[in-house]
Amino acid sequence: MTITIDITSDFICPWCWIGHTNLKAALALAGQPQVQQRFLPFELNPGMPPEGLNRQAYRTAKFGNWARSQSMDEDVTQAGKQIGLEFHYDRIERTPNTRLAHKLIAYAQLPGDSVKSEQLFEALFVAYFSHGRNIGDPAVLADLAAAHGLDTQAALAYMHSDTADTLLDAALEQAHAAGLNSVPSLLIGHHRIAGAQTAESMAAILVKLKNHE
C-alpha cells in the first residue's frame, strides 16, 4: 500500500521546512512505509513584487518593528537547531517572490522522480534559510535545478511559460478552495494536519494507515 502525502507549503515559511523534517523522522519511526509525496504551492505573500523586497524593511513594516522580527527569527532558529536545521537569518537580504520557485518544483515533479523532487524541495529551503540566497532569482533557481540533475534550459523555459502560470494559479486556487489559509498543511492519506506537528504524532497516523487502520 502506498500512502499519498500532499505537502502544501511556501519556501519562505520556516515551519514548512521544520514540518517536512519532522515528517522524515516520522517515516523512520513508522518503519519507512511506502509513500508518494506531492509538493503543492501556497503563497504567504501573494502581492510580493516579482523582484522581492528588502527583508528588514518588509518585516519591519509587517510586524511594526525590526526587534519583533528578530525575536521571531531567534525562536525559529532555536526550534530548527533541535532537529538539526541551520537558520541564518543574518544572511538573508531579500524576502523573495516565490512563484518561480513553486514553478520549478512543479517542473521537477513532471517526470515523476519523487526522490529528485524531494531533494530539490529541501534544497530550496536550505538555499534561502541557511545560505541567504535569493530564491526568487531565476539564476539561483537554474543553479539549484542543475545541481539536482534537471535540464536547466528546459526548467527555465517551463518556469517562464504560460502553462506553468496557469497550473500554478489553479493549484493556489485549489488550496484556498480547500480552506487552507496557512502552511504547512499536510494531507496524509485522508488525515489533514495543520502546522509543523511532531514526528511522533505524524508517525502514529502513518502506522494507522500502514495497518489499514
Side-chain angles (χ1 to χ4, degrees), residues 4-20 23 36-55 58-59 61-62 92 94-114 116-129 133-146 148 150-196:
T4 299
I5 304 177
D6 287 346
I7 301 164
T8 304
S9 59
D10 197 1
F11 294 109
I12 56 169
C13 166
W15 296 104
C16 292
W17 189 21
I18 290 171
H20 188 255
L23 174 61
Q36 176 64 46
Q37 296 184 54
R38 299 191 299 186
F39 303 105
L40 306 177
F42 192 88
E43 285 185 306
L44 288 171
N45 303 318
M48 181 65 64
E51 68 277 10
L53 290 170
N54 174 274
R55 185 173 189 269
Y58 171 72
R59 298 272 291 187
K62 183 174 182 178
I92 303 175
R94 299 191 72 75
T95 296
N97 180 305
T98 55
R99 282 185 66 88
L100 284 177
H102 284 305
K103 288 187 278 189
L104 176 59
I105 201 67
Y107 173 78
Q109 294 178 93
L110 290 177
D113 188 339
S114 59
K116 185 179 293 184
S117 58
E118 182 180 10
Q119 290 173 345
L120 179 58
F121 177 79
E122 294 180 359
L124 285 160
F125 287 110
V126 172
Y128 180 61
F129 287 113
R133 302 182 74 183
N134 180 4
I135 57 170
D137 184 342
V140 171
L141 296 175
D143 183 52
L144 291 171
H148 290 82
L150 297 178
D151 183 322
T152 305
Q153 293 305 313
L156 284 169
Y158 178 84
M159 285 189 284
H160 290 97
S161 69
D162 291 340
T163 297
D165 276 316
T166 299
L167 291 175
L168 175 57
D169 288 337
L172 292 169
E173 178 57 36
Q174 187 174 4
H176 289 295
L180 303 187
N181 51 32
S182 64
V183 285
S185 178
L186 276 66
L187 186 62
I188 304 178
H190 58 273
H191 297 267
R192 174 70 70 181
I193 298 175

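Keep in mind that the numbers below use all heavy atoms, side chains included, and drop hydrogens, waters and symmetry copies. Only a predicted model underlies this, so the values are computations on that prediction, with no experimental measurement involved.
Note: Asp10 CG to Arg99 CZ = 11.5 Å, rounded to the nearest 0.5 Å. To the nearest 0.5 angstrom, Leu53 atom CG is 6.5 Å from Arg94 atom CZ. Atoms CD1 and CG, on Ile105 and Leu120 in that order, are 4.0 Å from each other to the nearest 0.5 Å. A distance of 12.0 Å separates CD1 in Ile193 from OG1 in Thr8, rounded to the nearest 0.5 Å. In this structure, CG on Asp165 lies 6.0 Å from CG on Asp169, to the nearest 0.5 angstrom. For the atom pair CD1 (Ile5) and CG (Leu23), the distance works out to 5.0 Å, reported to the nearest 0.5 Å.
Cys16 approaches Pro184 most closely through the heavy-atom pair SG-N, 3.6 Å. Closest approach of Tyr128 and Arg55 over heavy atoms only: OH-NE, 4.0 Å. The two atoms that bring His102 and Ser9 nearest to each other are CE1-O, 3.2 Å, heavy atoms only. Considering every non-hydrogen atom in both Leu141 and Leu100, the closest pair reads CD1-CB, 3.4 Å. Listed here is the closest heavy atom pair of Tyr158 and Lys103: CE2-O, 3.3 Å. In plain terms, the two heavy atoms of Leu104 and Ala145 that are nearest each other are CD1-CB, 4.0 Å.
Considering only heavy atoms from C-beta on, Pro96 stays 4.5 Å or farther from Asp137 through its side chain. By the 4.5 Å heavy-atom criterion applied to side chains, Arg133 and Val126 are not counted as neighbours. In this structure, the side chains of Leu187 and Arg38 stay at 4.5 Å or more apart for every pair of heavy atoms. In this structure the side chain of Thr98 never reaches within 4.5 angstrom of the side chain of Leu124, judged on heavy atoms.
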Could you go step by step and tell me if Asp151 and Tyr107 meet the side chain to side chain contact (heavy atoms under 4.5 Å, CB included) rule?
CA-CA 10 Å; Asp151 183 322; Tyr107 173 78; 4.1 Å; yes
Could you check Asp6 against Arg192 for salt bridge (Lys or Arg N to Asp or Glu O under 4.0 Å), going step by step and ending with a plain yes or no?
CA-CA 9 Å; Asp6 287 346; Arg192 174 70 70 181; over 6 Å; no
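Taking the six-membered ring where the residue is Trp, the centroids of Phe11 and Phe129 are separated by 6.0 Å or more.
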Could you list the donor-acceptor pairs under 3.5 angstrom formed by side chains in residues 39-51, with sequence neighbours left out?
{"from": "Asn45", "atom 1": "OD1", "to": "Tyr58", "atom 2": "OH", "distance (Å)": "2.6"}
{"from": "Asn45", "atom 1": "ND2", "to": "Tyr58", "atom 2": "OH", "distance (Å)": "3.3"}

